[in-house]
Amino acid sequence: MGKLTVRALRAVLGVTLVGTVFVQAGMVWVLVSGSDPEDGSLPLTPLRVITVLGMVSVQVAVVCVWRLVTMVRRGTVFSHAAFRYVDGVIGAIVAAALLWFAVTALNAPGQRDDPGVTVIMGGVGMAILGVALIVLVLRTLLAQAVARDVEAARMQAELAEVI
């Protein structure tokens with residue numbers, strides 16, 4: 001990856017991390033202070049808690065991607081250490097999907113007249129789970145690359161012994 005790409009990605013990740021912390025702080029403040037600016041038509045407290053937890057899942061994914069980018073720049077991404085960060089991304093995406101399903105369940109009673117909204121929201125949750133599956137496939141590719149890298153190192157060491 002080029003330096004410009006890494007810098008741009010890190011800028012996006014940094015803004016995302018700061019933004020999620022800002023949203024979390026606002027949500028926690030509203031929960032703790034009891035100052036509800038809405039009219040109470042939705043179950044806002046559960047939605048705010050889900051929002052805070054959703055931001056945690058985003059933050060976990062951001063930190064894991066940051067670490068993976070660092071490993072790519074150092075040329076150490078094809079190692080077993082990378083799996084912990086890829087697993088962190090997968091876990092964060094699955095957590096986000098589960099939280100989205102919770103939002104869908106909270107929103108469903110208000111959509112009795114138009115159940116299509118709930119179906120669409122369920123479809124979005126399935127799409128989020130699909131992203132987790134895509135990252136799982138990429139993890140499998142990483143595992144194959146690591147195995148080949150280890151095998152190549154072993155063969156190179158054997159060749160060095162022969163020579």
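Just so we're clear, the structure is a prediction, and the values are computed from it rather than from any experiment. For this chain, numbers begin at 1 and follow the sequence in order.
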message = For V146 versus S79, what's the shortest heavy-atom pair and its separation?
response = CG2-N, 3.6 Å

ask   = Would a 4.5 Å heavy-atom cut-off, applied to side chains only, mark L159 and Q156 as touching?
value = no

query = If you group Ile, Leu, Val, Met, Phe, Trp and Tyr by side-chain heavy-atom gaps below 4.5 Å, do V60 and I93 land in one group?
reply = no

ask   = Side chains of T16 and V58: does their closest heavy-atom pair fall under 4.5 Å?
value = yes

request  = Please name the pair of heavy atoms, one in F101 and one in M126, separated by the smallest distance, quoted to 0.1 Å.
outcome  = CZ-N, 3.7 Å

ask   = Atom CG of L141 and atom CZ of R139: how far apart are they, to the nearest 0.5 Å?
value = 11.5 Å

query = Where is the tightest heavy-atom contact between L53 and L99, given as atom of each residue plus distance?
reply = C-CD1, 3.5 Å

query = At their closest point, which heavy atom of M27 faces which heavy atom of T51, and how far apart are they?
reply = CG-CG2, 4.0 Å

request  = Can you measure from CG (L129) to CG (L136) and round to the nearest 0.5 angstrom?
outcome  = 12.0 Å

task = Indicate yes or no: does E151 engage R154 in a salt bridge with an N to O separation below 4.0 Å.
result = yes

ask   = Shared ILVMFWY cluster between L133 and F83, side chains joined below 4.5 angstrom?
value = yes

query = Nearest 0.5 Å, what's the CD-CG distance between Q111 and N107?
reply = 4.5 Å

inquiry  = Is it the case that over 12 heavy atoms from other parts of the model lie below 6.0 angstrom from the CZ atom of F78?
reply    = no

key: A92 versus S57, closest heavy-atom pair with distance   = CB-O, 3.2 Å

inquiry  = With clusters defined by side-chain heavy atoms of hydrophobic residues (ILVMFWY) lying less than 4.5 Å apart, directly or transitively, does V117 cluster with V124?
reply    = yes

task = Flag yes if V63 and V72 sit in one hydrophobic cluster, no otherwise; membership is Ile, Leu, Val, Met, Phe, Trp, Tyr, and two members link when side-chain heavy atoms are under 4.5 Å apart.
result = no

message = Can you give me the closest heavy-atom contact between A82 and V77, atom names plus distance?
response = CB-O, 3.2 Å

task = Side-chain contact test, heavy atoms from C-beta onward, threshold under 4.5 Å: evaluate it for T20 versus V62 and give yes or no.
result = no

message = Would you compute the distance between atom OG1 of T104 and atom CD1 of I120 and round it to the nearest 0.5 angstrom?
response = 11.0 Å

remark   = Here the gap from D87 atom CG to R84 atom CZ, rounded to the nearest 0.5 Å, amounts to 10.5 Å

message = Tell me whether V89 shares a hydrophobic cluster with V56, the cluster being built from Ile, Leu, Val, Met, Phe, Trp, Tyr side chains joined at under 4.5 Å.
response = no

inquiry  = Is it the case that atom CZ in R73 sees more than 12 heavy atoms from other parts of the structure closer than 6.0 Å?
reply    = yes

